[in-house]
Amino acid sequence: MAFNKRIKIKALLEDDHLGQSVTVMGWVRTKRSNKNVSFIAINDGSTIKNFQVVADPNQISEDILKKASTGACLKVQGQIVASQGSGQSSELVAQNIEILGEADPDTYPLQPKKHSLEFLREIAHLRIRTNTFGAVFRVRHALAFAVHKYFNDKGFFYIHTPIITASDAEGAGETFKVTTLDLKNPPKTEDGKIDFKADFFERETNLTVSGQLEGELAAMGLGEIYTFGPTFRAENSNTARHLAEFWMIEPEMAFYDAEDNQNLAEEFLKYVISYALENCKDDLDFLDKRAAEEEVSKPADQRNELGLLDRLKFVAENEFQRLTYTEAIEILKNSNQNKKKKFQYLVEKWGVDLQSEHERYLVEKHFKKPVILTDYPKEIKAFYMRQNEDGKTVAAMDILFPGIGEIVGGSQREERLELLVNRMKEMHIPTEEMWWYLDTRRFGATPHAGFGLGFERLVQFVTGMGNIRDVIAFPRTPGHAEF
RNA sequence: UCCUCCUUAGCUCAGUUGGUUAGAGCACAUGACUGUUAAUCAUGGGGUCCUUGGUUCAAGCCCAAGAGGGGGAGCCA
């Protein structure tokens with residue numbers, strides 16, 4: 001006998017079920033009682049909205065009603081009737097309530113009140129039951145689904161690139177080592193170094209920092225591909241924008257140049273944001289109100305000019321501002337901020353990397369819209385980016401979003417073997433180990449391009465959450481891996 | 001990793017110039033209430049004032065070190 005003969009609250013609210021006998025299962029959010037009747041607000045996660053259960057103490061035992069406390073899980077059978085109260089159009093009059101799981105009110109940490117995000121982060125195993133995190137994770141799901149839908153509809157193929165890799169080729173950062181060696185007593189070579197020949201893969205391995213290089217290989221046969229997988233960086237980053245384990249989307253396209261790449265990235269971002277706007281209305285309405293309440297407590301100069309929903313609509317409907325690094329430097333150099341020495345790092349000469357205060361100025365003050373910055377100096381970018389005719393810059397692009405900073409980093413790739421090998425040597429990238437990557441330039445090379453999108457940063461932007469640790473269920477950051 | 005701020009009841013926070021028995025709201029318990037919307041009203045229980053050491057007649061408050069957390073920066077997505 002199957003247990004799950006229930007109707008989800010989302011379905012209950014979508015159509016007219018008046019007069020029907022139904023079973024609802026979910027968790028108690030609040031209970032309000034008097035001598036004659038109890039009202040139980042129940043939530044099953046299918047929607048941010050609760051459903052009101054009405055329990056008559058003549059029908060439901062005192063013991064059951066007592067155990068139906070905040071956090072308890074219930075199975076309620078009864079009839080849907082028109083509500084006598086004003087907060088909802090219909091409600092469930094309970095004929096029978098079964099307590100599936102009690103939640104001792106003395107020790108259950110969630111209350112029907114506002115908790116701080118910092119407190120909820122410490123109970124990440126329970127925070128998924130709150131309105132805010134329910135909304136965030138439903139939106140996160142919708143965005144992930146929209147990513148796949150967008151690329152699938154466009155004829156891209158989803159490639160699973162390896163989690164365990166042998167190279168830190170991109171130089172994207174510190175890696176987590178993968179080994180089965182005995183850490184207390186590792187085998188040594190004659191000259192005293194750890195003997196990775198004795199390790200599982202017979203070589204030194206680590207968790208991936210990017211699927212891009214493998215993605216490029218796949219694009220050289222399938223044409224247009226994307227990856228969407230976990231990425232690991234062992235950097236000691238302690239910010240609201242960094243995780244040690246995060247999810248990255250990396251499309252890679254044969255026959256794309258830098259401009260094609262920019263067009264794709266902009267269209268893609270607008271698509272997934274529009275998808276969320278269309279499919280997550282209740283959750284985004286809630287998050288919009290939540291963000292508006294938070295704004296009030298911020299100092300005036302840090303407030304957003306637009307609310308969350310308006311911000312999303314604005315990004316979805318307006319062209320991104322495109323400009324080169326060189327143009328950006330000129331704007332920054334001539335800005336009042338720079339002239340009045342209000343930047344912590346003053347912009348003086350071409351070639352310096354932009355600080356986040358500079359990126360914020362361009363996005364939030366100067367253009368007031370997403371910015372695609374292109375053609376950076378080659379010295380501050382990765383070896384695989386295609387060298388421009390000027391000999392100084394590469395065909396890089398960064399997309400900067402308000403409040404988030406860099407959400408996308410990408411480039412047209414260097415497909416010319418000689419130029420690529422020279423650049424690798426200049427940057428001390430071992431060419432021998434990368435023979436397979438260089439083979440794509442030896443055999444049937446073509447212009448191609450791609451980019452990486454930090455999925456959690458996208459979720460941050462769409463949900464308006466200030467800290468990246470609040471848009472992934474169980475965040476991994478330095479010193480934190482408990483759940 | 002650096003800078004900076006914070007840590008008092010289950011949660012959010014107040015606590016004056018160092019002074020005797022550390023408070024509030026919410027939550028919880030008990031009771032009241034004929035339909036509530038984070039229900040309301042009354043009563044009650046609840047404290048390692050982050051830890052360790054120091055100064056002092058006296059420390060929640062001052063000093064030092066450590067732990068945990070927030071914000072900013074760097075690295076990046």
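All chains are named by letter (A, B, ...) in the order of the sequence lines, taking the proteins before the strands, and each is independently numbered beginning at 1. The model shown is predicted, which means the values in this text are computed figures rather than measured ones. Hydrogens, waters and symmetry mates are skipped; everything else that's a heavy atom, side chains included, is used.
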Between A:Val93 and A:Lys31, the residue closer to the 5' end of RNA chain B by nearest nucleotide is A:Val93

Along RNA chain B (nearest heavy atom to each residue), the more 5'-positioned of A:Ile468 and A:His480 = A:His480

Would you state whether a donor and an acceptor, one from the side chain of [X] and one from the base of [N], lie under 3.5 Å apart?
X	N	answer
A:Ser237	B:C76	no
A:His115	B:C11	no
A:Asn238	B:U1	yes
A:Glu91	B:G35	yes
A:Gln88	B:U36	yes
A:Lys113	B:C11	yes

Counting just side-chain N and O atoms, does A:Ser356 come under 4.0 Å of either OP1 or OP2 of B:G74?
->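 For B:G74, OP1/OP2 do have a side-chain N/O of A:Ser356 under 4.0 Å.
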
Would you please confirm or rule out a distance under 4.0 Å between OP1 or OP2 of B:A73 and any side-chain N or O of A:Arg241?
->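 Yes, because at least one side-chain N or O of A:Arg241 sits under 4.0 Å from OP1 or OP2 of B:A73.
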
Report the distance from atom CG of A:Asp398 to atom P of B:A77, rounded to the nearest whole Å.
-> 8 Å

Atom CD of A:Gln111 and atom C1' of B:G25: how far apart are they, to the nearest Å?
-> 12 Å

Of the listed nucleotides B:A73, B:U37, B:C11, the one nearest the side chain of A:Thr239 |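 Within the option list, the nearest is B:A73.
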
Checking A:Lys154 against A:Tyr271: charged group under 6.0 Å from the ring centre and within 45 degrees of the axis?
->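 Ring-cation test returns no.
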
Given the C1' atoms of B:U8 and B:G25, what is the spacing between them in whole Å?
-> 15 Å

If we take the C1' atom in both B:G71 and B:U30, what is their distance in whole Å?
->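 Result for the C1' pair: 44 Å, nearest Å.
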
Decide, applying a 5.5 Å centre-distance limit and a 30° plane-angle limit (both strict), whether A:Phe39 stacks on B:A39.
-> no

Taking the six-membered ring for Trp, is the centroid-to-centroid distance between A:Tyr150 and A:Phe156 below 6.0 Å?
->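 No, the ring of A:Tyr150 stays outside the 6.0 Å limit from the ring of A:Phe156, centre to centre.
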
Parallel, tilted or perpendicular: rings of A:Tyr158 and A:His160 (30°, 60°) | tilted

Using the six-membered ring wherever Trp is involved, compare the ring planes of A:His366 and A:Tyr361 and label them parallel, tilted or perpendicular (cut-offs 30° and 60°).
->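 Answer is tilted, since the angle falls between 30° and 60°.
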
Reckon A:Asp106 touches a base, only the sugar-phosphate, or nothing at all at heavy-atom distances under 4.0 Å?
-> sugar-phosphate

Complementary nucleotide of [N], counting Watson-Crick and G-U pairs under 3.5 Å:
N	answer
B:U43	B:A29
B:U21	none
B:A73	B:U1

